[in-house]
Structures are given as C-alpha cells and as structure tokens.
Amino acid sequence: MKVHEYQAKEILSKYGVAVQPGFVAETVEEAVEAAKKLQEQGASLFVVKAQIHAGGRGKGGGVKLARSVEEVEEIARKMLGMRLVTPQTGPEGQLVRRILVAEAVDIAHEYYLGVTLDRGANMNVIMASTEGGVEIEEVARQTPEKIFKVWVDPLIGLRPFQARQIAYALGFRSGQAFKQVVAFVQALYRAYEDTDASLAEINPLALTEDGQILALDAKMNFDDNALFRHPDIAEMRDPYEEDPLEWEASKYGLNYIKLDGNVGCMVNGAGLAMATMDMIKLVGGEPANFLDVGGGASPETVEAGFRIILKDPNVRVILVNIFGGIVRCDRVARGIVQAAQNVEIHVPLIVRLQGTNAEEGLRILKESGLKLETAQLLKEAAEKVVEVLKRLESQEA
C-alpha cells in the first residue's frame with residue numbers, strides 16, 4: 001500500500017525524522033489558510049506540491065514555488081482538479097485532489113536516502129547518495145558508484161556505526177550536521193521497521209543554508225499483509241490513487257492486477273497464476289489480468305472474481321485454472337455455477353480443474369448446463385483460449 005507525501009511525513013515525524021513544515025489542503029480556501037499558518041510561523045516563501053502516488057511531479061507542473069499567500073491561492077486554484085501527467089502516471093495522468101503547502105527552504109545541497117528490503121541478501125538495505133533530487137533509478141543506471149549501501153542484519157538491527165557510515169558516505173565528518181544525519185538515519189530506519197514498510201525513501205534529503213537536515217519529500221510503501229497491525233496506516237489508503245478493479249478485489253481478499261491483454265484469468269495460487277499467464281503468452285494469447293483467488297477459494301470469492309474480470313471491457317474470453325490442493329475442485333465448480341446465476345458471463349469460458357475432487361467438479365459443471373469448454377492439460381486450456389479468440393475475430397471480420 002502506498003501513501004501520499006504528506007502522510008509519509010506525518011508518520012516519519014512521529015519517529016523524530018525532521019521534515020519540512022507544511023499543511024495539506026483539499027480546497028483553495030484550505031490552501032490559503034495553510035499559507036497563512038506558515039507565514040505566522042515565519043515562512044516568507046512557499047512550495048505547493050500536488051499529492052498523487054507518482055514520482056516526477058515537478059516535471060509535470062505539480063510542484064510550484066510561491067512568494068506570497070496570494071500566489072499560493074492562484075497556484076492552488078489551477079492545481080486542484082488538474083490532471084497531472086508525469087513519467088510514472090502514463091498519458092492519462094492522475095487527478096489532483098489534494099495539495100501540500102509547505103515552507104520553502106534555502107538548499108545548500110540535496111541528497112538521497114532510502115530503506116528497502118534486499119530479497120537476495122535477506123536483509124534490509126539502506127541506500128544513500130550525494131546525487132539527490134533526481135530519479136535514483138537514473139543514478140543507479142548511469143553512475144552506480146555514487147550509491148552507497150549498508151545492509152542491516154534483521155537479528156541485530158541497525159547499529160550506530162552503520163548510521164555513521166552513511167553520514168561519512170554523504171560527506172559529513174563532524175559537527176552538528178553530522179550528528180543530525182546520524183540521528184536522521186536511525187529515526188528513518190526505526191520508522192521503516194516499526195510500520196512494516198517495504199520502502200521508506202527521502203528524495204531529496206536537504207542540507208539547508210543554515211545547516212539543518214530536512215526531508216523535503218518522502219515516500220513510503222507498506223506490506224499489505226501487515227496492515228492489520230497498523231489500522232491507523234490502513235486508514236490512509238486512498239482508493240482514488242489505485243485501479244478501481246484492484247481496489248474492489250482487495251475488499252474480497254483477492255490478489256488482482258490489471259494487465260493489457262484480452263484473456264481473463266482466474267487461478268488459485270500465485271505460482272500457478274504466473275505459469276498460466278506464461279502459457280497463454282506462449283501459445284499466442286495476452287493475459288488481461290493476474291487474479292489469484294487463493295488456496296481457500298469459496299463460491300463467494302469465485303463469484304467476486306468473475307464480477308471483477310468482467311468489468312474489464314478488454315476481456316474477450318475467461319480461463320479458469322484450478323488445482324485442487326487446499327481448495328476442492330467441486331467447491332470451485334459450485335462457485336462457477338453460482339456466479340453464472342448471479343453474474344452475466346457474456347464471454348466464452350474455458351475451465352481446467354485438476355486435483356482434489358476434480359471429477360466431481362467437472363460433473364457439476366457438465367450438469368449445470370453452462371456454455372463452457374473444459375480441458376485436462378494447461379497447454380490444452382491455453383490453446384482452446386486462443387482458438388476461441390481466433391473464432392471471435394473471424395466472426396467479426
């Protein structure tokens with residue numbers, strides 16, 4: 001799960017991470033009030049930032065500098081409700097519903113600091129670079145030697161000497177700024193671990209002209225499977241920033257990712273789902289989604305899966321591929337029949353059932369009177385999908 005910049009800063013500040021002062025606004029009036037509050041605190045220059053779940057906001061016009069409260073009002077009026085297009089949103093862009101009005105600071109230098117999981121090393125890794133304020137992917141691609149990494153053993157945790165290593169790598173050797181960077185690294189890592197985050201990124205981390213270390217931007221992603229431990233963070237979820245079908249699937253506990261193809265896939269188990277999509281592509285098809293109904297698929301979840309798949313207008317045919325391990329095939333078959341009674345399945349349906357009670361499941365489907373085709377092997381099922389697509393194309397020609 002992703003959160004907005006202002007939410008990430010709110011979380012980080014609770015752990016002692018120094019962040020740029022600012023207030024979120026959903027209306028022009030709130031933006032003006034935010035600027036006035038900052039002015040009362042001594043701010044004379046403001047930055048207005050669109051709040052969307054995408055990077056590169058500055059390139060798309062989503063970050064503007066304002067020299068007065070009146071200018072904040074003018075920018076807010078234009079920015080709120082605009083469709084911001086960045087390299088990460090795609091050409092359709094993202095609607096701006098919130099903005100962050102923050103105090104602008106005089107920057108002496110910008111750095112990068114991030115924490116994430118290195119799955120290859122089975123450890124968290126802290127990454128730091130003197131090349132802040134730009135996309136870290138570009139730094140990694142063009143000058144990887146400028147990214148310094150420290151791996152943290154999960155059984156030991158972050159040690160003080162490792163935080164000092166990060167500070168040294170960023171060019172800080174002594175003085176107040178050095179102490180601030182060390183404290184900043186420790187606070188950021190503590191926030192990352194305590195919140196079950198999968199990413200905590202500060203870009204840029206700024207050294208101001210008066211020697212302060214501040215997070216000017218913040219990005220945090222969280223492990224969905226751990227959100228039950230953090231109901232306060234779970235409440236920060238913004239459905240407007242997610243694909244509507246993916247959001248709906250999450251409410252049913254389904255793992256769904258929309259793709260660009262036309263073959264709807266309903267599978268139990270992530271590994272089998274990946275294999276199914278690979279087989280579809282191997283025989284010439286294009287999967288329209290990844291949908292894992294889970295090992296404990298019920299008639300209700302199967303019905304929900306059909307509803308979600310069929311909401312994608314690109315879907316021309318559906319392939320159901322179930323291996324009966326934990327879940328029984330007859331239970332899935334009853335779910336398909338129930339779905340057909342409650343949902344209009346208006347596209348051809350191919351079903352492959354193997355494993356526990358597969359014969360019983362196939363019998364249920366056969367006696368249901370549903371218009372569908374069955375298959376024994378995965379490749380056979382995928383080939384039938386492609387045959388159906390070709391038949392539809394020839395009928396439309």
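This chain uses plain numbering: 1 for the first residue, then up along the sequence.
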Quick one: does [X]'s side chain have a donor or acceptor within less than 3.5 Å of a partner on [Y]'s backbone?
{"X": "D292", "Y": "G269", "value": "yes"}
{"X": "D217", "Y": "I202", "value": "no"}
{"X": "Q180", "Y": "G211", "value": "yes"}
{"X": "S129", "Y": "K146", "value": "yes"}
{"X": "E30", "Y": "E26", "value": "yes"}
{"X": "Q88", "Y": "G55", "value": "yes"}
{"X": "Q338", "Y": "G335", "value": "no"}
{"X": "Q20", "Y": "E103", "value": "yes"}
{"X": "Q212", "Y": "L207", "value": "no"}
{"X": "E71", "Y": "R67", "value": "yes"}

Does the pair [X]/[Y] count as a salt bridge with the N-to-O cut at 4.0 Å?
{"X": "K281", "Y": "E286", "result": "yes"}
{"X": "R363", "Y": "E359", "result": "no"}
{"X": "R77", "Y": "E74", "result": "no"}

Do the rings of Y192 and Y189 sit parallel, tilted or perpendicular, given the 30° and 60° boundaries?
tilted

Anything under 30° is parallel, anything over 60° is perpendicular, the rest tilted; go ahead and classify F178 against Y168.
parallel

Between CG on residue L319 and CG on residue L378, distance to nearest 0.5 Å
7.5 Å

Does any part of the side chain of I280, heavy atoms only, come nearer than 4.5 Å to the side chain of C265, both counted from C-beta?
yes

Is it the case that Y111 and N203 place a side-chain donor and acceptor less than 3.5 Å from each other?
no

For a quick test of reading the model, state the closest non-hydrogen atom pair linking L117 to M123 and the distance between them.
CD1-O, 3.6 Å

Assess whether atom CD of E92 is packed by more than 12 heavy atoms of other residues, nucleotides or ligands within 6.0 Å.
yes

